[in-house]
Number of protein chains: 4
Amino acid sequence: MIFQIRPDSPIPIYEQIVTQVTFGIASGGLEPGTLIPSVRELAQTLLVHPNTVARAFQELERQGVVAARRGRGMEVTPEAPAACQKLRQDIVRGRIREALREAASSALPAEDVRLLVEEELARVNGQRRRK
Amino acid sequence: MIFQIRPDSPIPIYEQIVTQVTFGIASGGLEPGTLIPSVRELAQTLLVHPNTVARAFQELERQGVVAARRGRGMEVTPEAPAACQKLRQDIVRGRIREALREAASSALPAEDVRLLVEEELARVNGQRRRK
Amino acid sequence: MIFQIRPDSPIPIYEQIVTQVTFGIASGGLEPGTLIPSVRELAQTLLVHPNTVARAFQELERQGVVAARRGRGMEVTPEAPAACQKLRQDIVRGRIREALREAASSALPAEDVRLLVEEELARVNGQRRRK
Amino acid sequence: MIFQIRPDSPIPIYEQIVTQVTFGIASGGLEPGTLIPSVRELAQTLLVHPNTVARAFQELERQGVVAARRGRGMEVTPEAPAACQKLRQDIVRGRIREALREAASSALPAEDVRLLVEEELARVNGQRRRK
DNA sequence: GTGGTCTAGACCACT
DNA sequence: GTGGTCTAGACCACG
């Protein structure tokens with residue numbers, strides 16, 4: 001898993017970690033039983049304060065997608081993939097919904113909104129291919 | 001102009017006011033030379049503290065879309081409509097872009113993303129018609 | 001007397017009127033016994049709210065440089081020229097002092113400050129001749 | 001950095017803080033990468049309310065000379081010194097220009113103005129040495 | 001009536 | 001600890 005942390009995003013770092021782990025599990029990149037990196041290790045690779053990583057893990061544990069294995073570390077739970085796939089869809093849908101709701105409230109003509117959406121959709125897919 | 005404030009949104013209230021006024025000017029609801037509602041008046045209708053409205057107005061003034069007329073109120077500037085139309089498009093596009101970027105990073109298949117977008121687009125347009 | 005009102009200056013309009021009248025008297029443009037324009041008249045020529053002119057006159061009266069003459073208007077007092085010349089020097093000196101004090105606190109090298117002063121002095125004198 | 005706040009100046013306190021920080025960066029007293037004093041700390045030393053300091057910092061952030069580091073404080077940006085040096089000169093020049101413009105409009109003879117300027121220049125430099 | 005500034009103090013999220 | 005937002009209410013200058 002490669003994490004992309006954007007420290008200056010308005011989205012808190014711990015939350016970025018949470019969603020990226022969630023996405024990682026949902027897409028099968030992290031399988032049940034896998035030990036995820038330790039707080040210290042991840043903090044070092046992401047250049048982030050350990051407390052921040054710890055908070056993200058705490059949140060993930062609360063959601064039941066990872067569980068502490070005494071003396072070994074934190075492990076992806078068996079129920080995680082199903083849960084994360086649902087979470088992922090909820091998160092993505094929620095963000096899209098919010099964006100489009102705002103677009104509607106802006107009184108921009110519907111066709112203009114659609115145009116913007118198509119442009120950005122193409123843009124994102126273009127980047128995806130390039131990667 | 002009808003303003004919709006959501007006090008529990010993660011977006012600060014003063015910022016919501018800023019974008020709504022911007023949208024109002026962009027859509028022609030507020031014309032140059034018009035005095036926008038006074039701080040106290042708007043505070044009362046939105047049920048927020050006058051300071052919060054004042055902060056939004058300061059931001060709008062800084063952007064040059066309204067100008068304080070001492071002792072009278074705040075006036076929409078002549079350049080405001082053009083600026084706000086550009087701002088509106090930037091804001092809406094930015095939010096859509098962020099949502100789709102996250103969708104892409106979620107490793108959701110592109111067709112699933114498009115499906116979600118279509119669903120939400122239909123949903124929003126439905127609401128619009130119903131109003 | 002020609003008044004230059006700058007409505008968007010940070011200096012209040014009524015104060016602009018006060019200092020301009022003061023300067024007018026100091027320079028001999030307005031002599032003792034002269035009737036100054038009525039509130040209404042001046043408000044109209046300056047495109048300013050009558051209240052604002054009234055407040056300026058009130059201030060001038062308080063300073064004793066003009067006095068109400070029942071049924072006729074407001075008149076420049078005999079003591080005014082001397083007082084205004086002193087006032088004028090105090091005002092100008094005060095402003096210069098403030099500007100230079102700030103320059104000093106900025107840690108700009110003294111020679112740079114002097115250079116700026118010379119440039120602006122030349123600039124102002126240039127404009128003066130052109131008028 | 002030593003800040004001098006004059007609570008009774010017509011210039012708002014938050015603005016005094018902004019210009020003093022700007023001057024501090026321009027003169028090299030605050031270097032890029034440095035954390036500036038925290039809101040609470042500065043509020044305590046200046047004997048003003050934290051909100052007032054926060055407002056100044058927001059303004060500085062908007063100008064791009066400092067950047068918030070979440071949970072740590074506010075950092076001087078790499079571009080700040082150049083920007084602040086330009087700002088400083090603009091501020092000082094602007095104030096001098098205003099003072100001299102008023103002097104010119106006062107119809108004080110040019111030589112009298114120059115005399116005042118020299119007196120005040122000497123005065124300020126005298127104080128500077130004494131410090 | 002208008003906007004602008006300031007103090008006061010609460011609450012929150014982040015590190 | 002850090003900054004950010006908000007409510008509350010005072011006071012001021014201006015028109």
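Naming: A, B, ... by sequence-line order, numbering from 1 per chain.
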Distance, rounded to the nearest Å, where B:I13 contributes CD1 and E:dC11 contributes P: 16 Å
For atom CD of B:Q58 and atom P of E:dT2, their distance in whole Å: 16 Å
First encountered from the 5' end of DNA chain E, between D:R72 and D:P12: D:P12
5' priority, DNA chain E, between D:Q16 and B:G71 [closest heavy atom]: B:G71
Check the phosphate of [N] against [X], side-chain N and O only, distance under 4.0 Å to OP1 or OP2. Yes or no?
X     : N      : result
A:Y14 : E:dA13 : no
D:R70 : E:dT15 : yes
B:R55 : F:dT5  : yes
D:S38 : F:dT2  : yes

Does atom [atom1] ([X]) have a neighbourhood of more than 12 heavy atoms from anything else shown, all under 6.0 Å?
X     : atom1 : answer
A:R40 : CZ    : no
C:Q44 : CD    : no
C:E15 : CD    : yes

Comparing D:A54 and C:E15 on DNA chain F - which has the more 5′ nearest nucleotide: D:A54
Answer with base, sugar-phosphate or nothing: what part of the nucleic acid does [X] contact at a heavy-atom distance below 4.0 Å?
X     : answer
D:T52 : base
D:E41 : nothing
D:E75 : nothing

Short side-chain to backbone donor-acceptor contact, B:R88 and A:S106, under 3.5 Å: yes
C:T77 side-chain N/O to C:G64 backbone N/O, donor-acceptor pair under 3.5 Å: yes
Stem regions touching DNA chain E, defined by at least 3 consecutive Watson-Crick or wobble G-U pairs below 3.5 angstrom: E:1-14 with F:1-14
Note: C:R101-C:E98 ion pair, threshold 4.0 Å (strictly below): yes
Check: C:E59 and C:Q63 side chains under 4.5 Å, non-hydrogen atoms: yes
Under 3.5 Å donor-acceptor pair, B:R40 side-chain atoms to E:dG3 base atoms: yes
